[in-house]
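As structure tokens, the structure follows; a few thoughts come after it.
For ligands, and for the atoms within them, numbers begin at 1 and follow the listed sequence. Owing to the predicted nature of the structure, the values given are computational and were not obtained by experimental measurement.
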Amino acid sequence: MAVLVVGGAGYIGSHAALTLQRRGYEVIIYDNLCTGHKELAAGFELIVGDIADSAKLTKALNRCDAVMHFAAHAYVGESVQNPRKYFQNNVTAAIALLNSVMDSRVRKFIFSSTAAVYGNPARSPITEDSPRQPVNPYGATKLAFENALEAYSRAYGLRFVTFRYFNAAGADEGGTIGENHHPETHLIPIILQAIQGKRAALEIFGADYPTADGTCIRDYIHVNDLADAHVLGLEYLGKAESAAMNLGTGQGYSVHEVVSAVEHVTGHKVPTHIGQRRAGDPAELVADPTLAEKLLQWKAKRSLEQIITSAWNWTQKTGT
Ligand code: UDP
């Protein structure tokens, strides 16, 4: 089976592409390289193109049986400052991609969504039937695409799996690909920059949350656990109906706990200082991953320690 991995030169897409390749799938990466990195697509056929370029996409789709869509802008803060950019790419251009798929013979589609569609959930751990009420434009764009998939599925027989990721982190254990965002906003890579002296300290965004130690709790999931779920999602689409599933571990860690885990794994003290809360950060976001477990027989296998070890190896190797 041939899979078009759209956004496959990005962080999560490149890990999915590598996992697919290791499992014997034929993979074509399609990426406009606006935030992706050519190096992350090394060893793959790479088509450099935009998701709104239907002529280019049609040619690629003719050679594929399924699509995984990772191509999106994903900075919450930027989406607040520049929603136009987010709605343009994550909705308008993404719908153009979906229409190109519908004009092809491909009917299997896997979509990268986010826990941000839940906004500030009333209950944690979060189940898929929690109300989807995003509190920032990034989450709103992902929800808009989820809605389109549901409508297209009902009307046109498209089969989709929507995966709502919690906090993706870590790097492939082989050491050839990993996380490399510019600018970097995510907790674990920022902590690793701080211990390397690439930034003065980690600013902890608020220590007055209603959690045990006052810092925010998140569900950190290894990027290769996400990648494994994508392969299972593809197999699932061969035999079952469309579904939306959370991808998380079900276990939350506070910012302080992540800092301690990094100190334990690396042997370096993390310089920190307490800053203001970051706008739009809920106190706790933890997945209930039971549905993915039930439908895909999938469970996150890698621990927080393994996440940090793999990210640290990648950082040291590449200097990112
Ligand atoms: N965080 C922090 N300092 C930073 C970056 C992140 O304290 O420099 C906290 C943030 O408030 C959140 C957690 O770390 O509670 C994870 O943030 P990240 O941006 O990695 O992911 P998000 O949860 O926003 O998707």
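Between His268 and Trp312, the gap from one ring centroid to the other is short of 6.0 Å.
Classification of the Phe145-Phe111 ring pair by plane angle, with boundaries at 30° and 60°, yields tilted.
Considering Tyr165, Trp298, Tyr236 in turn, Tyr165 is the only one that fulfils the ring-ring contact (aromatic ring centres under 6.0 Å, His included) rule with His230.
The contact shell of ligand 1, taken as protein residues with any non-hydrogen atom closer than 4.0 angstrom, comprises Asn167, Thr185, His186, Leu187, Ile190, Leu202, Glu203, Ile204, Phe205, Cys216, Arg218, Tyr220, Val255, Arg278, Asp281.
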Hey, mind stepping through Asp228 and Arg23 against salt bridge (Lys or Arg N to Asp or Glu O under 4.0 Å) and telling me if it holds? CA-CA 10 Å; Asp228 289 342; Arg23 306 275 163 87; 2.9 Å; yes
Steps toward salt bridge (Lys or Arg N to Asp or Glu O under 4.0 Å) verdict (Arg164, Glu128): CA-CA 9 Å; Arg164 299 187 188 128; Glu128 289 80 358; over 6 Å; no
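In this view, Thr141 and Asn90 satisfy the side-chain hydrogen bond (donor to acceptor under 3.5 Å, both in side chains) rule, not counting sequence neighbours.
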